[in-house]
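As structure tokens, the structure follows; a few thoughts come after it.
Below, chains carry the letters A, B, ... as their sequence lines are ordered, and counting in each starts from 1.
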Protein chains: 2
Amino acid sequence: MRYAPEHNEKTRDRILEVASRLFREDGIAAVGLAKIMSEAGLTIGTFYTHFKSKEALVREALLRSLDARHEGIEQLLQNNTDEVLIRGYLNPEHRDEPGTGCVVAALASEVARHPRATRQTFSTHNARTLDALAASLLSRNRKKAGRADAAAFMGLLSGTLQIARATPDRAESDAVLEAGVRAAMRLLK
Amino acid sequence: MRYAPEHNEKTRDRILEVASRLFREDGIAAVGLAKIMSEAGLTIGTFYTHFKSKEALVREALLRSLDARHEGIEQLLQNNTDEVLIRGYLNPEHRDEPGTGCVVAALASEVARHPRATRQTFSTHNARTLDALAASLLSRNRKKAGRADAAAFMGLLSGTLQIARATPDRAESDAVLEAGVRAAMRLLK
DNA sequence: ATTATCTATAGATCTATAGATAATGC
DNA sequence: ATTATCTATAGATCTATAGATAATGC
């Protein structure tokens, strides 16, 4: 069947949308292509007309979700105080909704075990956000902060969010988030 | 065959030893029971005489590796300066050897997706290390640091290590570790 | 006529179980 | 006699491919 010219691209986009959410929610290794295709309203047979392999999908989904989050963070960086921005990351909603949340917190440790091409995609597209962080948030407070300093700041945020997510006691988990906010503020002083 | 009384326990220990390494190296979802048993010198059929399920193994392997690392960290906390301790965590060897390294950096984001019983085990056994960190490292520098503050400090260390592991360029990855050291020192000031 | 989608399947692997085998203590 | 181990297998799922089907543009 010859479909409309944009049909193929729209389908591909829908698959990427679902994949970038499910990978963050369940982990890359734990989510199968059949589930992704099914949630996109398709059967698994169609997958390979859109992507060469699961690893190719992983790279494109990472790219997509990192870029999407970059847009959001750029906006937050412009008009807000440090604390508002930090609390925009370290809050119970973000903790409880990994599917639309930070890619670093959800997938960095798993991406580290993937092929170099995948790590390269992750690193390159995360660098845009790190550079923006360094340029506005960090340098606003102290001088001479580079991409690596932004990575450490991001490490504090994502590492703390992960520990909060792994902590089953709600009150204790909330306290971890609050301690993370204090620590992040301290880093900026 | 009736084996020596300690035989069963030694075999179980060997399985746990292998599992706690492979889970950290490859991720929990990505490593199968057959591979674990094979590296322990056994076939998969024996697994269920030692553990009720894979999830039960996960809990015991987490418990074991968290406790093992706790011992090491306790010793480091006693006789070293802040910087030596921080560099004992954020260094290239630790980055390159996840199998024997920090459980939080390797598995926290994956544990967060596991059943509550597993998260409880993780949280309880990690709390011992967090309390030790709060008691010595943090309170040595600033007053009134609790378990949650230690969790944020640990979040900085583990989150930064994860980003270093995901960064394919060696020099850039090394720079992330160094920035992490600076940030951790800053947190203790 | 083209091509995205479907069903069906290959072949590998996953967790888990059943029943036979073999090594040691009583 | 006991029991940890083995082989074999069930049944589900994984990634990937093959070939039939069907929806739309020329």
Side-chain angles (χ1 to χ4, degrees), chain A residues 1-62 107 110-111 113-115 117-118, chain B residues 1-62 107 110-111 113-115 117-118:
Chain A
M1 42 179 162
R2 175 178 292 177
Y3 293 89
E6 75 278 11
H7 177 95
N8 187 311
E9 200 188 347
K10 282 174 70 177
T11 303
R12 185 187 162 89
D13 251 44
R14 211 166 62 244
I15 297 170
L16 281 169
E17 187 76 31
V18 171
S20 76
R21 175 174 55 81
L22 287 182
F23 285 154
R24 277 176 281 186
E25 283 176 2
D26 300 341
I28 298 169
V31 58
L33 299 176
K35 184 177 183 187
I36 292 169
M37 295 305 282
S38 155
E39 292 211 14
L42 297 161
T43 58
I44 193 175
T46 316
F47 178 79
Y48 294 90
T49 52
H50 293 285
F51 301 95
K52 202 186 116 239
S53 63
K54 184 181 182 183
E55 198 61 35
L57 172 67
V58 169
R59 284 198 299 273
E60 291 219 46
L62 285 173
L107 298 176
E110 193 167 7
V111 165
R113 301 173 184 120
H114 276 250
T118 304
Chain B
M1 42 182 164
R2 176 176 291 177
Y3 293 87
E6 75 278 12
H7 177 95
N8 188 312
E9 200 188 347
K10 282 173 70 177
T11 302
R12 187 186 162 88
D13 251 43
R14 211 166 62 244
I15 296 169
L16 282 169
E17 187 77 31
V18 170
S20 76
R21 175 174 56 82
L22 287 182
F23 285 154
R24 277 177 279 185
E25 283 177 1
D26 301 340
I28 297 168
V31 60
L33 299 177
K35 184 178 183 185
I36 293 169
M37 295 305 281
S38 155
E39 291 211 14
L42 297 161
T43 60
I44 194 176
T46 315
F47 178 80
Y48 294 89
T49 51
H50 293 284
F51 301 95
K52 202 186 117 238
S53 63
K54 183 181 182 181
E55 199 60 35
L57 171 68
V58 169
R59 285 198 299 275
E60 292 219 46
L62 285 174
L107 298 176
E110 193 166 6
V111 165
R113 303 173 183 120
H114 276 250
T118 303

Spacing between [X] atom [atom1] and [N] atom [atom2], to the nearest angstrom:
X     : N      : atom1 : atom2 : answer
A:I28 : D:dC14 : CD1   : P     : 15 Å
B:R14 : D:dA4  : CZ    : C1'   : 11 Å
A:K35 : D:dA16 : NZ    : C1'   : 20 Å
A:R12 : C:dT5  : CZ    : P     : 12 Å
A:I36 : D:dA16 : CD1   : P     : 12 Å
A:K10 : C:dA4  : NZ    : C1'   : 14 Å
A:N8  : D:dG25 : CG    : P     : 15 Å
B:I44 : D:dA4  : CD1   : C1'   : 16 Å

Backbone N/O of A:G27 and side chain of A:E110: donor-acceptor pair under 3.5 Å: no

Backbone N/O of A:S20 and side chain of A:R24: donor-acceptor pair under 3.5 Å: yes

Among [options], the one nearest [X] by side-chain distance:
X     : options              : answer
B:T43 : D:dC6, D:dT5, C:dT7  : D:dC6
A:L42 : D:dT5, C:dT5, C:dA4  : C:dT5
B:T46 : C:dC6, D:dT5, D:dC14 : D:dT5
A:L33 : C:dT5, D:dA16, D:dC6 : D:dA16

DNA chain C: stems of at least 3 consecutive Watson-Crick or G-U pairs whose donor-acceptor distances fall under 3.5 Å: C:1-24 with D:1-24

What distance separates [X] [atom1] from [Y] [atom2], expressed to the nearest 0.5 Å?
X     : Y     : atom1 : atom2 : value
A:D13 : A:H50 : CG    : NE2   : 10.5 Å
B:L42 : B:T49 : CG    : OG1   : 8.5 Å
B:L16 : B:L62 : CG    : CG    : 10.5 Å
B:I36 : B:R14 : CD1   : CZ    : 13.5 Å
B:I44 : B:K35 : CD1   : NZ    : 13.5 Å

pair A:I15-A:R12: side-chain heavy atoms closer than 4.5 Å: no

Any A:L57 side-chain heavy atom under 4.5 Å of A:F23 side chain: yes

DNA chain D contacts among residues 47-61 of chain B, heavy-atom distance under 4.0 Å: B:T49, B:H50

Sugar-phosphate, base or nothing in reach of A:G32, heavy atoms under 4.0 Å: sugar-phosphate

